Number of protein chains: 2
Amino acid sequence: MAWLRPCWPRCAALRWRPGGAAWAPQLGKAPGVAPRGPWHPHGGRGLRTASPGLGEVPLTSERYRVRRLPFSRLSPQDVAFFQRLLPGRALTEPAALEPCNVDWLRSVRGKGPPFRTQGNVSRCPHRQPGPWAGAKHSKGRPAVKNVWFKIIKVSASGRSAAISHIPCHFVLSDFRDMPPAPLAFVAGSSTLLLKPQTTAEVSQVLRYCSERNLAVNPQGGNTGLVGGSVPVFDEIILSTVLMNRIISFDTVSGILVCQAGCILERLNEYLEQQGFIMPLDLGAKGSCHIGGNVATNAGGLRLLRYGSLRGTVLGLEVVLADGTVLDCLASLRKDNTGYDLKQLFIGSEGTLGVITAVSILCPQKPKAVNLAFLGCQNFSQVLETFTTCRAMLGEILSAYEFMDEKCMELVEKHLKLSCPVRDSHFYVLIETSGSNSTHDEEKLNSFLEQAMTSGLVTDGTVATDDKKIKMLWSLRERITEALTHDGCVYKYDISLPVGKLYDLVTDMRARLGQSAKNVVGYGHLGDGNLHLNITAESYSHSLLDAIEPFVYEWTARYNGSISAEHGLGFKKKQFIQYSKPSEAIFLMQRFKAMLDPKGILNPYKTLPSSS
Amino acid sequence: MAWLRPCWPRCAALRWRPGGAAWAPQLGKAPGVAPRGPWHPHGGRGLRTASPGLGEVPLTSERYRVRRLPFSRLSPQDVAFFQRLLPGRALTEPAALEPCNVDWLRSVRGKGPPFRTQGNVSRCPHRQPGPWAGAKHSKGRPAVKNVWFKIIKVSASGRSAAISHIPCHFVLSDFRDMPPAPLAFVAGSSTLLLKPQTTAEVSQVLRYCSERNLAVNPQGGNTGLVGGSVPVFDEIILSTVLMNRIISFDTVSGILVCQAGCILERLNEYLEQQGFIMPLDLGAKGSCHIGGNVATNAGGLRLLRYGSLRGTVLGLEVVLADGTVLDCLASLRKDNTGYDLKQLFIGSEGTLGVITAVSILCPQKPKAVNLAFLGCQNFSQVLETFTTCRAMLGEILSAYEFMDEKCMELVEKHLKLSCPVRDSHFYVLIETSGSNSTHDEEKLNSFLEQAMTSGLVTDGTVATDDKKIKMLWSLRERITEALTHDGCVYKYDISLPVGKLYDLVTDMRARLGQSAKNVVGYGHLGDGNLHLNITAESYSHSLLDAIEPFVYEWTARYNGSISAEHGLGFKKKQFIQYSKPSEAIFLMQRFKAMLDPKGILNPYKTLPSSS
């Protein structure tokens, strides 16, 4: 019944390679440089750590050799329109734009390559010229900042006409190796950050962009791991950061309605005061926006218990590419009146519409939480422990995470964390959440006794107090962070039948041998979700060639998914055919064409390039 | 933030009226007639009862004055094609077709009005003529059965040509009041039932129908309550009844993959042997197909605990209108590779594609089930009991159903069931499902003590053994059946904020006064789902005018949904705008036009008529 997945890439698009690697220079190598990006807690349960690397991030467009699509260039008139529409919230300053132009992993950076036009560049008389002097490029060359250029097209007959106005930052640094005028080079960079507060403002922005054919990059907390949240070229960044209002919460039904820019952790704190929690939890909770969570169909740590956002999100308000407001913000548990349009926007990564508000069903805050951290000697014991604990803990099981010994070594080495359980090849973290602490502890103890006496588990520790629970969780949650300290990381987020989950790690380790520094596996075992990470001292094409497409072919062979929860974004989009048949991809492209005919919404993301 | 819902109908479509009423003649009035339709257990937990009424069901096309869309008419060549494709499974016999042409409520019946053509009807030489004599129409007139007619077009110059071949059943009865030839009248009725066994067969059927512009009515167990599962005119019935194979079940992940025609109850029995259950349960389980459940996004009794099908359905295989097979049959808990196309087909009622296989996440079979049946004196106590029990029972609460005293009266009167709890204005049914019977009973007893001492509950009974549990459940589940014995039933399936749930019943009762026989309310309170039913001795336009559009306006005023779980089907489609903004309806129409440009899939359903 399953469609045939290709064992070898069949189209040119598949030859596109460097998708999996994330450059992550070590923190220690950039002393004295203050963290510039947004703060992200990918590495800890509520802890906030700085971005992992602070070195120069390569331009996405250059590193991946992307060609800019023929969108319009931003003109001073455009900027003036947005500044009138969003007074004080339409920003062009590089300091404001920079953090939004680079992802948390510092692996992608928006800013197009300089583009060439047959004409001259001159200072634009309509704009106040900015400071020419004073600004220095990081490598010591003079830079031009806050200056607007007018591009003059010179025809064969010598007649000239202004064809565009461009705000240029870093012009000289970008152009330093380029020939001078009369061939003028102008940087095509992300030069505008919009911060609407209301749905009506988002609608006006998109209507304008649609009419002017301006590309838009919707952005939440910018915590994505696949390059979906930052521009590739000069897309206007449309941030939900100021759309952070809670609209309503019903304590009887547990239904929360809020704007898309609410930070997940703030929502959870608000709900806890009312005796509820958010149905999702993830490392980035301190920065990520609920709108971004929904747009990327975030998974995380509570999915095993409360299910995916496809079930808990009850309604969405979405602004379509042409500015149409689609109000499907129902706050009802059941609604069977027609097609469930909101589902199309969940997980569409901002390519079909901009989510402006969310209605979500929230579970009650559990009265008792227990954590067990256990050691197993092999992966089949990890699996058997899972089936045993699922049967014995039943409805109170809220997380079943696993990590291999390599993960633990890295967490101890790079983050100086200490693991209370030793000498195991695998570690398992089991969380229970329930309404009666006595009952829950009885169930947990009974399971632990069974697991220990049957030899499934060789060692373990249990936590019921908040501090120890956090400490144990950090061993699992900070693996991502530890990996960034280990060198260049090649990250893969794979869904597989649970029985096959670790075989991929073993096979990859055998395949790469000494060419990789570390090959580690961890993840949400209860959900069949493996995080496979490979580290090396530095980036190497030959290592990447050894990993890809092998990793995708392996996954496809077992009917897995090449992206379990991270999405496709920019980095994985060309590999979609390993997990989806061509009929599905074709249909996705038709949906995109129907909802966003000009393709202005988060271009270069999710769907594979056609060539 | 909420879009403005209309207080009064604004378009002509809204004047379309008789959507809510279901004709349900009393069983006792048709003595000696054996039940002909499929058996349906809408009225009992696993019990199978006959269709509620056996009288003459009015033709949908006549009762609702629907105009047939310009699809092709079935020709003998078409039938021959299907009979070659599906040997012995392409049926034209009236006995086979009849049960598929009428819904369970016996409120809609497929069969078009006779159509007129400028030409002559003659016996077709290519077909074996059937028996002319012997067959009698129910009202005593002679009927023509199993005869094929050739329609001859006669041009102005007198030249004639065969333009179509029509299999005609009941011709004389339909034509009895019509003038004779040379104007020929031929019945346009549902004359073909197809029973494919494989996805490839479904694909070939739809490809052919698409090319020939033949309308198709996909049908599962034909247990729908809104007329979505039977033809309106002569649509070919495409039944999933022979697609009943379990493809795989993984006992580690709990993921079941099966064909669309598997009966829900059979699946549950199969899973129970493996220690699992289906995540949904509904009265029609003995007949309904899982494909139909998914196509209608069925809710039911376990939704409170296990969530909706939007979360539990992991993958679908769907055949599109043009025959394309869309294989999204992933059996993975997480898959974030592109848009979640399967969601569009969940709840689309067969209008966008035919579901041929389903992958679904199944929970473990609970080790302990308890039931409490309680009496409350007013609805605010029902609500407070809900919040109390949700807090105290937490993760083991699996159902919270309510019914008013009128429901109980009807169940006792018409079905002779006996309620162990007396003299209450409201009754509440609370089910717990857990992994430890001692813990569960402790939790339940502790809650009951709290509810009784605080005066929330005045009387009650508890069941732990299977027989008593079934008996108590039948009091709730057989309300639908009891209502059909009470006369003509006007049925409404409404979602509302739980606090407002019963106000609609009170308001409706006050509004209708003596013109209604009974106005009752019951439903899935935990999900905010009210089943409002109004009975009368017989159908009356003036009563319907008093109910509609009032019921929809009332629902819209409180941002409710006019169809919580039954869907829109044929009967509710014209009221969609009370629950969906025009932008959403427009988008649905665009999706329909994109996926089924000829509109051959389940026409006249789900989406409002354009005029």
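Remember, it's a predicted structure, so these values are computed and weren't measured experimentally. A note on names: the letters A, B, ... follow the listed sequences, proteins ahead of strands, and every chain is numbered from 1.
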May I ask you to name which of [options] has the most heavy-atom pairs under 4.5 Å with chain B?
options: Phe345(A), Tyr339(A), Phe586(A); answer: Tyr339(A)
options: Leu303(A), Thr312(A), Thr324(A); answer: Leu303(A)
options: Gly315(A), Gly311(A), Ser308(A), Ser435(A); answer: Ser435(A)
options: Leu383(A), Asn336(A), Thr198(A); answer: Asn336(A)

Do [X] and [Y] meet the criterion of a side-chain donor-acceptor pair at a distance under 3.5 Å?
X: Thr199(B); Y: Glu317(B); result: yes
X: Thr356(B); Y: Gln259(B); result: no
X: Glu349(A); Y: Thr606(A); result: yes
X: Tyr306(B); Y: Ser398(B); result: no
X: Asp340(B); Y: Gln343(B); result: yes

Region of [X] that comes under 4.5 Å of a non-hydrogen atom in chain B:
X: Ser331(A); result: neither
X: Leu393(A); result: backbone
X: Thr387(A); result: side chain
X: Gln364(A); result: side chain

### Task
Look at the rings of His531(A) and His524(A) and say which category their plane angle falls in: under 30° parallel, 30 to 60° tilted, over 60° perpendicular.
perpendicular

### Query
Phe591(A) vs Phe591(B) aromatic rings, parallel, tilted or perpendicular, using cut-offs 30° and 60°?
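Aromatic pair Phe591(A)/Phe591(B) classed perpendicular.
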
Which atoms of [X] come close to chain A, meaning under 4.5 Å heavy atom to heavy atom: side chain ones, backbone ones, both, or neither?
X: Glu395(B); value: both
X: Asn297(B); value: both
X: Leu304(B); value: both
X: Leu568(B); value: both
X: Thr296(B); value: backbone
X: Ser248(B); value: neither
X: Leu496(B); value: backbone
X: Lys367(B); value: side chain
X: Leu332(B); value: side chain
X: Ala391(B); value: both
X: Thr337(B); value: both
X: Val498(B); value: side chain

Return yes if some donor-acceptor pair links the side-chain N/O of [X] with the main-chain N/O of [Y] below 3.5 Å, else return no.
X: Asp493(B); Y: His566(B); answer: yes
X: Tyr578(A); Y: Tyr552(A); answer: no
X: Ser359(B); Y: Ala330(B); answer: yes

### Message
For the aromatic rings, using the six-membered ring if either is Trp, is the centroid distance between Phe249(B) and Phe276(B) under 6.0 Å?
### Response
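Judged by ring-centre distance (under 6.0 Å), Phe249(B) and Phe276(B) do meet the cut-off.
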
Among the listed options [options], the residue most often paired with chain A at heavy-atom distances under 4.5 Å:
options: Glu565(B), Arg390(B), Lys443(B); answer: Arg390(B)
options: Ile562(B), Asp527(B), Leu595(B), Leu309(B); answer: Asp527(B)
options: Arg305(B), Lys334(B), Arg310(B), Met594(B); answer: Lys334(B)
options: Gly434(B), Gly299(B), Gly347(B), Gly307(B); answer: Gly434(B)

### Criterion side chain to side chain donor-acceptor pair (under 3.5 Å) against Asp335(B), the qualifying member of Ser563(A), Ser579(A), Ser495(A), Ser561(A)
Ser561(A)

### Task
State the CG-CZ distance between Leu501(B) and Phe386(B), to the nearest 0.5 angstrom.
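That separation rounds to 10.5 Å.
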
### Closest heavy-atom pair and its distance - Lys592(A), Leu352(A)
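Heavy atoms of Lys592(A) and Leu352(A) come nearest at CA-CD2, 3.7 Å.
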
